Structures are given as structure tokens and as C-alpha cells.
Amino acid sequence: MLTSTPSYVCKNCGHSFEGTFCNQCGEKVFKESDKKISKLFGDAFHFLTHFEGTFFTTVKTIFTRPGKVSEDICNGIRKKYFKPISLFLLMVILYLLFPRFEGLNMKLSTYAKKDYGYTWLANPIIENKMSALQIPFEELMKRYTEKSAKISKIALLFFIPICALLFSLLFFKRKKPFFDHFLLSTEINCLYVFFHFLFLPFLAFLVDKIMPRYNPIFFDGQPIWFIIIGVFGLYTVLAMKRFYGEALWKTIIKGLIFLFIFVIFIRALYAILLFLLVMLFI
């Protein structure tokens with residue numbers, strides 16, 4: 001004798017369905033057996049093990065096989081990876097919690113310097129803000145520092161769409177959707193934020209504690225700058241080679257073009273955007 005599968009009305013969307021999950025919104029049928037403390041612990045354990053598995057798989061793959069995560073996700077292999085944009089946001093949150101380097105967050109006095117390239121833009125805004133608030137420059141600089149500490153880190157999201165746009169221009173013949181370029185951009189910027197704003201500051205902290213006299217030699221001025229650009233440039237070329245599949249010599253040329261534009265223009269646009277955002281919220 002055949003038994004019919006019970007029909008349910010989804011309490012979330014009102015759709016009628018059969019089975020355990022609503023085929024309209026995915027809501028699970030909630031039964032009395034679900035109202036157990038053991039069930040809550042079971043769900044928590046599943047979340048932690050699933051999170052740990054996908055998170056560490058993603059981190060390991062990003063750092064050891066540049067471009068592989070983006071390549072796999074674009075090819076439909078997604079289940080085993082933590083979402084790259086979520087990973088990027090997680091790194092930004094860690095950067096918010098454990099800041100050490102000033103990084104790209106310049107002081108207001110830097111914008112006001114006569115030899116700074118955007119003084120023509122910054123000084124009128126600074127003067128208008130001081131006039132509107134009736135405060136001296138020192139007080140404005142203090143308020144700017146307090147605001148920019150957090151805004152500068154959130155504004156790092158700016159790098160992802162801009163780099164993605166640059167990738168779409170450099171590899172326009174590949175005719176990939178913008179989503180693909182955006183995904184690769186997220187991956188390489190995960191590396192950039194981790195290496196520049198998390199790993200190196202932590203390394204500087206250790207050196208400062210163990211061998212303080214060597215800290216200024218390695219972590220102040222030009223040496224650290226060349227290391228950051230070198231690592232980021234190498235990683236970008238390797239990721240581009242895997243993801244776009246072009247000849248190595250073409251990839252190197254496009255990688256150098258990308259690196260030049262990133263260092264000279266994209267970082268400069270970020271500095272301007274950050275200045276305008278912080279001044280807006282003061």
C-alpha cells in the first residue's frame with residue numbers, strides 16, 4: 001500500500017511543498033524533535049567544522065596556489081571554499097582590531113603639505129572645514145585622525161572593483177564576465193591586505209620585542225616598501241597566469257602594467273577618496 005508524502009505550508013513564504021525543505025525559499029520543516037538542546041549543540045558543531053574546513057582550505061589555496069580559488073569558483077567548484085569577499089571582510093575586521101602600521105591612512109598634515117600632489121584639492125576643503133567648525137588646524141587634525149582610523153580600513157573595499165575594472169581592460173580579449181575579474185581582484189586583495197596590514201605588522205611586533213635595534217632597518221622606509229610591492233607583484237603575475245591562461249611573457253608585461261597603475265594611480269585615488277570621506281563625516 002502506497003503512502004503519500006505529507007504536504008507542508010512553509011511558515012516563511014507560505015508555499016506548499018512536500019519533503020523536508022521548502023523548494024521555494026529553502027526553509028526547513030521545524031518539528032518537535034528539533035526542540036532539543038542537543039540539536040543546538042549539533043548545529044553549532046556542524047557550523048564550526050564546516051567553517052573550519054572551508055576557511056582553512058581557502059586560505060591555504062590562496063597563499064599556495066595563486067588564482068586557483070578564483071579559477072575553481074568560476075568553473076563551478078564552490079562548495080569547498082569560503083567566500084572570497086567574506087574572507088576579505090574578515091581580514092579588514094582583523095585589521096580594525098589589531099592596527100599597527102599607519103599604512104595608507106595618511107595624516108591630515110600630509111595632505112596640507114605644499115609639496116603634496118593634491119594640495120590644490122585638500123587645502124580649500126581643510127580651510128572651509130575649519131571655518132565651518134570654528135576650530136584651529138590642530139583640533140581638525142585630531143578629529144581627522146580619530147575618524148580616519150576606521151574609515152581608512154573600510155575604504156579598502158575600494159580596491160576590489162577598481163582592480164577588477166583594470167583586469168577587464170587588460171584581458172578584454174578573454175571576454176570574461178565582470179564577475180570573474182571581480183573574483184580574482186578579491187583574491188589578490190586578500191593577499192595584499194593580509195601581507196601588508198596583518199603579517200608584516202605582526203612580524204614587526206615580534207622583531208621589536210626580540211631584536212628592537214633591527215626594527216627600523218627592516219620596517220621603516222624603503223626596504224619594507226620594496227618587499228610589499230615585490231611580493232604583491234609576484235603573486236599577481238602568478239594568479240593572472242593561472243586564471244587567464246596567457247603566455248608567461250604576456251602575463252608578466254600585463255602584470256607590470258597592473259602594478260604600475262596600482263602603485264601610482266589606484267593608491268592615489270584611494271588617498272583622495274579617504275580624505276573626502278573623512279572630511280565629510282567630521
Side-chain angles (χ1 to χ4, degrees), residues 88-163 165-166 185 189-205 207-208 212 215-229 231-232 259-282:
F88 181 85
L89 292 172
L90 179 60
M91 289 185 178
V92 171
I93 291 172
L94 290 175
Y95 181 30
L96 280 167
L97 295 175
F98 304 103
R100 178 176 171 87
F101 283 179
E102 182 182 89
L104 304 179
N105 181 19
M106 295 184 296
K107 297 177 180 178
L108 184 62
S109 56
T110 303
Y111 290 96
K113 286 181 181 178
K114 290 183 179 180
D115 57 347
Y116 184 65
Y118 301 100
T119 304
W120 59 271
L121 172 67
N123 278 346
I125 297 176
I126 292 172
E127 291 172 5
N128 289 336
K129 184 63 72 172
M130 287 191 299
S131 176
L133 298 177
Q134 294 295 301
I135 57 175
F137 180 77
E138 290 73 20
E139 176 62 24
L140 181 62
M141 187 164 61
K142 179 182 176 182
R143 296 188 187 185
Y144 184 92
T145 302
E146 292 173 353
K147 287 284 184 182
S148 64
K150 293 183 178 180
I151 295 177
S152 63
K153 297 166 179 62
I154 300 301
L156 288 172
L157 285 165
F158 161 84
F159 284 114
I160 296 178
I162 296 299
C163 290
L165 178 61
L166 184 54
S185 176
N189 278 290
C190 279
L191 181 281
Y192 180 69
V193 171
F194 173 81
F195 187 73
H196 190 175
F197 301 116
L198 295 175
F199 175 74
L200 286 179
F202 179 70
L203 188 60
F205 171 78
V207 172
D208 191 46
N215 204 335
I217 298 175
F218 295 105
F219 296 100
D220 291 337
Q222 295 299 321
I224 194 65
W225 168 246
F226 286 120
I227 292 173
I228 292 170
I229 295 303
V231 170
F232 180 63
L259 195 61
F260 176 80
I261 295 174
F262 182 87
V263 172
I264 303 300
F265 296 105
I266 295 180
R267 284 166 55 97
L269 286 174
Y270 170 85
I272 295 173
L273 174 65
L274 175 59
F275 171 77
L276 294 175
L277 283 174
V278 175
M279 295 300 285
L280 178 65
F281 287 106
I282 290 179

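The structure presented is a predicted model; accordingly, all values stated were derived computationally and were not measured.
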A.B. asks: Should we count NZ of K129 as having more than 12 external heavy atoms under 6.0 Å?
C.D. replies: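 Counting other residues, nucleotides and ligands, NZ of K129 exceeds 12 neighbours.
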A.B. asks: Which class fits the ring pair Y192 and H196: parallel under 30°, tilted 30 to 60°, perpendicular over 60°?
C.D. replies: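 Aromatic pair Y192/H196 classed perpendicular.
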A.B. asks: So which atom in S109 and which in F137 form the shortest heavy-atom distance, rounded to 0.1 Å?
C.D. replies: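 Shortest heavy-atom contact: CA-CZ, 4.0 Å.
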A.B. asks: Is any side-chain heavy atom of L133 closer than 4.5 Å to one of E139?
C.D. replies: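 E139 vs L133: side chains apart.
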A.B. asks: Just how far is it from atom CG of L157 to atom CG of L89, taken to the nearest 0.5 Å?
C.D. replies: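 One gets 5.5 Å once the value is rounded to the nearest 0.5 Å.
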A.B. asks: Specify the closest pair of heavy atoms between I229 and V263, including all atoms of both residues, with the distance to one decimal.
C.D. replies: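 Closest approach of I229 to V263: CD1-CG2, 3.6 Å.
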A.B. asks: Look up atom CG in L269 and atom CZ in F159, then write down how far apart they are to the nearest 0.5 Å.
C.D. replies: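 If we round to the nearest 0.5 Å, L269:CG and F159:CZ are 9.5 Å apart.
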A.B. asks: Just verifying a value: how many Å separate M279 CE and L108 CG, rounded to the nearest 0.5 Å?
C.D. replies: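 Reported to 0.5 Å precision, the distance equals 6.0 Å.
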A.B. asks: Which label fits F260 and F265: parallel for a plane angle under 30°, tilted from 30 to 60°, or perpendicular past 60°?
C.D. replies: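 Rings of F260 and F265: perpendicular, over 60°.
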A.B. asks: Is there a side-chain contact (heavy atoms from CB on, under 4.5 Å) between V193 and L94 once you walk through the steps?
C.D. replies: CA-CA 10 Å; V193 171; L94 290 175; over 6 Å; no
A.B. asks: Can you measure from CD1 (I151) to CD1 (I154) and round to the nearest 0.5 angstrom?
C.D. replies: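 Rounded to the nearest 0.5 Å, the CD1-CD1 separation comes to 9.5 Å.
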A.B. asks: Taking the six-membered ring of Y95 as reference, does the NZ or CZ atom of K153 fall below 6.0 Å from its centre and within a 45° cone about the axis?
C.D. replies: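 Yes; both conditions hold, so K153 lies above the ring face of Y95.
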A.B. asks: Do K142 and E138 sit within salt-bridge range, that is, some charged N less than 4.0 Å from a carboxylate O?
C.D. replies: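 No, K142 and E138 are not salt-bridged.
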A.B. asks: Closer than 3.5 angstrom, by distance alone: can the side chain of T145 be matched with the main-chain N or O of M141 as a donor-acceptor pair?
C.D. replies: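 Such a contact is found between T145 side chain and M141 backbone.
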A.B. asks: Using 0.5 Å steps for rounding, measure from the CD1 atom of I282 to the CD1 atom of I126.
C.D. replies: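 That separation rounds to 9.5 Å.
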A.B. asks: What pair of heavy atoms forms the shortest contact from L156 to F88, and how long is it?
C.D. replies: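 Nearest pair, atom of L156 first, then F88: O-CZ, 3.7 Å.
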A.B. asks: Donor-acceptor pair, Y270 side chain versus S152 backbone, under 3.5 Å?
C.D. replies: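 Yes.
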A.B. asks: F158 and I266: which non-hydrogen atoms are nearest, and at how many Å?
C.D. replies: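 Shortest heavy-atom contact: CE2-O, 3.6 Å.
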A.B. asks: Return the CD1 to SG distance between I261 and C163, rounded to the nearest 0.5 Å.
C.D. replies: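 Atom-to-atom, I261:CD1 and C163:SG are 10.0 Å apart.
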A.B. asks: What's the verdict on side-chain contact (heavy atoms from CB on, under 4.5 Å) for F262 and L166, showing C-alpha distance, side-chain angles and the deciding distance?
C.D. replies: CA-CA 9 Å; F262 182 87; L166 184 54; 5.7 Å; no
